2 protein chains.
Amino acid sequence: MSSDPPGFELPLRLFLGFRVLIDELHAELARQGHPDMRPMHGFVLQAILRGGDTAVELGRTLGVSKQAAGKTIETLERLGYVERATDPRDTRRKIVRLTGRGADSLALSARIFDDLRRRWADEIGEERLRALEADLRRVTPPDVLRLDVPGWFGGQ
Amino acid sequence: MSSDPPGFELPLRLFLGFRVLIDELHAELARQGHPDMRPMHGFVLQAILRGGDTAVELGRTLGVSKQAAGKTIETLERLGYVERATDPRDTRRKIVRLTGRGADSLALSARIFDDLRRRWADEIGEERLRALEADLRRVTPPDVLRLDVPGWFGGQ
DNA sequence: CCATATAGTCAATCAGGTTGTCTATCATGT
DNA sequence: ACATGATAGACAACCTGATTGACTATATGG
C-alpha cells in the first residue's frame, strides 16, 4: 500500500531528462565541429526548415516578435548556419536558408539524438521507452514544434 | 516490425510535458492569488528552502553569480515572497527567509502539482505513470534540485 | 594585529527580448 | 493609373537578467 509520489517530482524529472539529453547533444556537437551551437539554435534551425523562411514567419513560428527573430537570424548568419537572399518575386522579403553547415548540424543532431535514445533504451528497455514516449504523447499537445521557448522561463 | 521512433522526439516530448505542467501550475497559481509568480520563482524559493539562505549560497545552488542571485532575491523581496535579515553572528551575511506568502505559494504549488499528477494518472493510468517516473529516475541525475536553469537555454 | 578570505553592493557591459517608428515594396479597388 | 492600405525589414530606445570587475565591510586565523 504505497502512497502516490509527490506531484512536484514529475515536472522536475521531465525537465532533467530534457536537460540531460540536450546537454549531451551539445557536448557531442562541440566535439564534432559545432562548439558555438546553443540549445535554442537547433530549435530555430528546425523552425526555419519547416516553413519559417522569413523573419516575420519565423517570429510567428517561435512566438516572438519579428525584430527578435531578425536578431536571432543575424546571430545564426554570423555563425555560418544560415544565409539570407532577397526574394526575387517580392523584394521586401529576405529569405532565410540553411547553409551546408546548418543542414550538417541538423543531420548530426539527428544522429546524436538517435544514439542517445538508444542509450536510454539500453538502460530502461526498448519497450518501456516506447511506452514512455506513447504516454507523453497522450499528455502533451500534438504540435511538437510550437516552442514559444525564448524568454518563457524567466520574465519579470 | 516497426522501426524505432526518431530520437529527436524524446527531448521535445519531455520539454513539452514539463511546459504543460508548469503552464497549468501558473495558470492555477494566478487564479489563486499569485499572479506575479514566474516559473523560475518556484525553483528559487525551493532552493532557498533547501539551504540557500544567502545570496552567495543561493548563487551556488542555482549555478549563477552571487550578483545575479542578489537581483533575483530583490525581485522576490519586492513581490513579498522572501525577506532578508542580517545574521547576528556574522553581520556580513544577510539571511533570506520565505515570508508567509512565500511558504503559502509553495504549499499551494505542491497541491496543484499533486492535482496535475492525478490528472495524468487518470489519463494514462497510475501504473504507467509510476513506471514513467521510475524510468526517468534511472536516466536522470539523482539530485533533483541542481537547476542551473537561468540563462541556460539561450546564451551567445 | 595583520593578512587573507568572504558577503554584499555598485557599475559597466552584454544578450535577447519588447514596442514604436520609418521606409520600401506589394496588392487592391476605383 | 494611381491612391490606399498592408506587409517586410531595419533602426532606435528601453527592459530584464545575466556577466565580470572593483570596492567596502566584516570575519578568521596565524
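These figures come from a predicted structure and were not determined experimentally. Order of the sequence lines sets the chain letters (A, B, ...), proteins ahead of strands, with each chain counted from 1.
Only one option out of B/Arg93, B/Arg84, B/Arg60, B/Arg97 pairs with B/Asp53 in a salt bridge (charged side-chain N to carboxylate O under 4.0 Å, His left out); it is B/Arg93.
For B/Phe8 and A/Phe113, the gap between ring centers reaches or exceeds 6.0 Å.
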Without placing hydrogens or testing angles, list every side-chain donor-acceptor pair under 3.5 Å for residues 120-127 of chain A, not counting sequence neighbours.
residue: A/Glu123; atom: OE2; partner: B/Arg138; partner atom: NH2; Å: 3.4
residue: A/Glu126; atom: OE1; partner: A/Arg117; partner atom: NH1; Å: 3.3
residue: A/Glu126; atom: OE2; partner: A/Arg117; partner atom: NH1; Å: 3.4
residue: A/Glu126; atom: OE2; partner: A/Arg117; partner atom: NH2; Å: 3.2
residue: A/Glu126; atom: OE2; partner: A/Arg130; partner atom: NE; Å: 2.9
residue: A/Glu126; atom: OE2; partner: A/Arg130; partner atom: NH2; Å: 3.4

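Here the side chains of A/Glu133 and B/Arg13 are not in contact, with every heavy-atom distance at 4.5 Å or above.
The residue among A/Ser65 and B/Ala55 whose nearest nucleotide of DNA chain C is located toward the 5' end is B/Ala55. Taking for each of A/Arg89 and A/Ala69 the nucleotide of DNA chain C with the nearest heavy atom, the 5'-most of the two is the partner of A/Ala69.
In this structure, A/Lys71 does not reach the D/dA10 phosphate: none of its side-chain N or O atoms is under 4.0 Å from OP1 or OP2. Residue A/Arg84 has a polar side-chain atom (N or O) positioned under 4.0 Å from OP1 or OP2 of D/dA10. Taking 4.0 angstrom as the limit, A/Thr72 places a side-chain polar atom (N or O) nearer than this to OP1 or OP2 of C/dG17.
The interatomic distance linking A/Asp90 (CG) with D/dG9 (P) rounds to 8 Å, in whole Å.
In the interface, the side chain of B/Gln67 is not paired with the base of D/dG17 through any donor and acceptor atom under 3.5 Å apart.
Each end of the helix from C/dC1-D/dG30 to C/dT30-D/dA1 yields a helix axis from five base pairs, and these two axes differ in direction by 10° (to the nearest 10 degrees).
With salt bridges taken as basic N to acidic carboxylate O contacts below 4.0 Å, none links A/Lys66 and A/Glu57.
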